[in-house]
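Notes to accompany the following structure.
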Amino acid sequence: MPLKCLLASMDGMSNAAFRSVCFEYGADGATTEMIGATGFARAKRKRRPIMDALVLRRPEEGPLAAQIIGSDPRVMAAAAVRLEGMERFDAIEINMGCPARIVVGSGNGAALLQQPERAGEILCAVCGAVRLPVRLKLRLGWDEAHITAPEIARMAQEAGCREIILHGRTRSQLYGGGVLLGEMRRVRAAVEIPLYANGAVTCAGDAAAFARSVGADGVCIGRAALKAPWIFDDIRALGRGERPPERNAPERVALLLRLAERLCQQKPEKFAICELRKFTLWYLAGFTGAEAVGEAVKRVETLEDYRRLHGEYLERLLRTNDVHIHPERVPEATLDTVRRSV
């Protein structure tokens with residue numbers, strides 16, 4: 001049976017445009033960026049554009065969970081009910097994993113790992129308020145001396161959660177250091193519901209071994225997918241005993257243009273194109289002349305100019321039959337892509 005692979009929620013990154021290309025490459029499911037329960041539950045009928053962007057769902061997307069974050073059980077339940085009423089999501093995800101200082105300082109995200117009783121109240125409130133499946137995203141604990149994930153995972157199962165996504169680090173680790181496999185296995189042993197392992201996939205070759213080492217039912221991939229959204233398709237290929245295909249220049253340029261068009265449908269062109277600069281650097285890394293394109297894209301502000309820049313670049317590569325990647329020019333895969341993925 002193929003390994004099930006989800007795209008993780010990443011604040012500021014996993015918007016509808018990016019999620020849609022991950023689904024095109026075979027992601028089994030995805031999660032929205034985190035939605036603040038207080039602001040969403042109390043928002044008037046006319047919401048701010050930034051809130052509308054968080055709950056946008058594109059037609060290309062597959063199974064999608066809406067992620068809520070907060071620390072008041074009643075408000076979390078109210079937000080979940082409102083999201084369910086939009087009839088555009090397939091599940092509700094509760095965030096108890098975000099380690100950002102501004103988040104935990106408000107008692108949200110990973111701060112709840114220090115308050116198992118409050119975490120349990122939230123789980124019961126949300127599960128009891130909606131018909132949609134509810135899943136929990138959490139870390140192992142606040143630090144290695146306070147591993148609370150097994151206890152909270154059991155609470156989640158008893159409350160009615162259908163799935164758990166487990167990031168294999170503590171809050172104190174942030175995104176540094178290795179995942180704690182032994183502690184992840186303790187969480188796996190504590191529950192019977194499906195569990196997805198998160199935090200240690202840097203490339204397609206990591207996924208199956210990571211899942212096996214935890215005893216997980218699948219993996220949830222965040223930062224590694226940003227630099228290579230085709231990672232989901234590559235994992236499938238490896239599972240079939242096949243070598244993943246090369247993602248040559250025509251494919252990567254076409255991907256960038258699809259992503260550009262979709263981002264520009266979501267936000268003003270100038271801001272969308274600015275956001276695309278990092279994707280241009282990531283997806284063209286290893287190709288001849290990519291550095292010059294990376295510099296040129298800094299001066300681009302419109303979708304038309306973005307298309308023209310990449311079209312001319314691809315023409316040059318095709319003219320010289322230089323459309324294949326040069327492995328020696330590709331940076332080593334790491335998980336340092338973003339700091340605020342959850």
Practice item. Say whether Asp322 and Thr288, considering side chains only, have a donor N or O and an acceptor N or O under 3.5 Å apart. Key: yes
Check your understanding: Is it true that a side-chain atom of Glu24 and a backbone atom of Glu60 form a donor plus acceptor pair closer than 3.5 Å?
Key -> no
Revision key, fill the gap. Note: Val219 and Tyr196 closest approach over all heavy atoms is N-CD2, 3.8 Å
Review point. Which pair of heavy atoms, one from Glu33 and one from Gly12, lies closest together, and at what distance?
Key: OE1-N, 2.7 Å
Practice item. For the residue pair Cys161 and Leu123, establish whether any side-chain heavy-atom pair is separated by less than 4.5 Å. Key: yes
Exercise for review: With side-chain contact (heavy atoms from CB on, under 4.5 Å) as the test, would you mind laying out the steps for Glu93 and Met34 before giving the verdict?
Suggested key: CA-CA 9 Å; Glu93 183 174 295; Met34 63 183 179; over 6 Å; no
Practice item. First locate atom CD1 of Ile94, then atom CD1 of Ile165, and finally report the distance between them rounded to the nearest 0.5 Å. Key: 12.0 Å
Point to revise | Note, Thr148 side chain near Leu138 side chain (heavy atom, < 4.5 Å) | key: no
Check your understanding: Cation over ring, Arg252 on Phe287, under 6.0 Å and within 45°?
Key -> no
Check your understanding: Are Glu242 and Arg236 within salt-bridge range, i.e. N to O under 4.0 Å?
Key -> no
Check your understanding: For Arg118 and Ser71, does a side-chain donor sit closer than 3.5 Å to a side-chain acceptor?
Key -> no
Practice item. Answer whether the closest heavy-atom distance between the side chains of Val134 and Arg162 falls below 4.5 Å. Key: no
Review point. Do side-chain atoms of Arg139 reach the backbone of Gly97 as a donor and acceptor pair under 3.5 angstrom?
Key: yes
Review point. Just by modelled atom types, is the Trp230 backbone N or O under 3.5 Å from a matching donor or acceptor in the Asp233 side chain?
Key: no
Exercise for review: Would you give the length of the straight line joining atom CD of Gln157 to atom CD1 of Ile193, rounded to the nearest 0.5 angstrom?
Suggested key: 5.0 Å
Practice item. For side-chain contact (heavy atoms from CB on, under 4.5 Å), just list the numbers for Arg307 and Glu312, CA-CA rounded to whole Å, side-chain angles, deciding distance to a tenth of an Å, and then say yes or no. Key: CA-CA 9 Å; Arg307 288 191 187 115; Glu312 292 173 353; over 6 Å; no
Exercise for review: Kindly say whether Lys298 contributes a backbone atom to a donor-acceptor pair with the side chain of Arg277 at under 3.5 angstrom?
Suggested key: yes
Check your understanding: Side chains of Glu61 and Arg58: does their closest heavy-atom pair fall under 4.5 Å?
Key -> yes
Exercise for review: Verify, without hydrogens or angle tests, whether Asn108 (side chain) and Val104 (backbone) share a donor-acceptor contact under 3.5 angstrom.
Suggested key: no
Check your understanding: Within the distance-only criterion (no hydrogens, no angle test), does the side chain of Arg188 pair as donor or acceptor with the backbone N or O of Val191 below 3.5 angstrom?
Key -> yes
Review point. More than 12 foreign heavy atoms under 6.0 Å from CD of Glu87: is that the case here?
Key: no
Point to revise | Heavy-atom side-chain contact between Tyr306 and Leu276 under 4.5 Å | key: yes
Point to revise | Derivation and outcome, side-chain contact (heavy atoms from CB on, under 4.5 Å), residues Leu83 and Val55 | key: CA-CA 8 Å; Leu83 287 163; Val55 296; 3.9 Å; yes
Review point. Could you state the interatomic distance from OG1 (Thr32) to CE (Met10), rounded to the nearest 0.5 Å?
Key: 12.0 Å
Check your understanding: Counting heavy atoms not belonging to Arg243, are there more than 12 under 6.0 Å from its CZ?
Key -> no
Check your understanding: Heavy atoms, side chains only, cut-off 4.5 Å: are Met184 and Val187 in contact?
Key -> no
Exercise for review: Apply the test salt bridge (charged side-chain N to carboxylate O under 4.0 Å, His left out) to residues Glu304 and Arg308: give CA-CA distance (whole Å), side-chain angles for both, the deciding distance (0.1 Å), then the verdict.
Suggested key: CA-CA 6 Å; Glu304 180 181 357; Arg308 183 183 302 112; 3.1 Å; yes
Check your understanding: Near His146 NE2, under 6.0 Å, is it more than 12 heavy atoms from other residues, nucleotides or ligands?
Key -> no
Exercise for review: Identify the two heavy atoms, one from Ala272 and one from Lys267, that lie closest to each other, and give their separation to 0.1 Å.
Suggested key: CB-CG, 3.7 Å
Practice item. Could you tell me whether the side chains of Asn248 and His324 share a donor-acceptor contact shorter than 3.5 Å? Key: no
Practice item. Verify salt bridge (charged side-chain N to carboxylate O under 4.0 Å, His left out) between Glu183 and Arg186, making sure each step is shown before the conclusion. Key: CA-CA 5 Å; Glu183 298 297 350; Arg186 283 182 56 204; 2.7 Å; yes
Point to revise | Glu246 (side chain) donor-acceptor with Ile325 (main chain) under 3.5 angstrom | key: yes
Practice item. Would you kindly say whether Glu269 and Thr302 are connected by a side-chain donor-acceptor distance under 3.5 Å? Key: no
Practice item. Examine distances only and state if a side-chain atom of Arg169 and a backbone atom of Gly177 form a donor-acceptor pair shorter than 3.5 Å. Key: yes
Point to revise | Distance-only donor-acceptor check, side chains Thr31 and Arg135, under 3.5 Å | key: yes
Check your understanding: Glu84 side chain to Leu132 main-chain N or O, any donor-acceptor pair under 3.5 Å?
Key -> yes
Exercise for review: Determine the minimum heavy-atom distance between Ala290 and Tyr313, stating which atoms define it.
Suggested key: N-OH, 3.6 Å
Review point. Does Asp234 come within less than 4.0 Å of Arg247, counting only side-chain N to carboxylate O?
Key: yes
Point to revise | Trace of the side-chain contact (heavy atoms from CB on, under 4.5 Å) decision for Ile35 with Met51 | key: CA-CA 8 Å; Ile35 300 165; Met51 187 67 75; 4.2 Å; yes
Point to revise | Backbone of Asp143 reached by a side-chain donor or acceptor of Arg171 within 3.5 Å | key: no
Check your understanding: Any side-chain heavy atom of Cys22 sitting closer than 4.5 Å to one from Phe232?
Key -> yes
Practice item. Could you tell me whether the side chain of Pro229 reaches within less than 4.5 Å of the side chain of Leu255, counting heavy atoms only? Key: yes
Practice item. Give, for atom CG of Leu112 and atom CG of Leu136, the distance between the pair rounded to the nearest 0.5 Å. Key: 9.5 Å
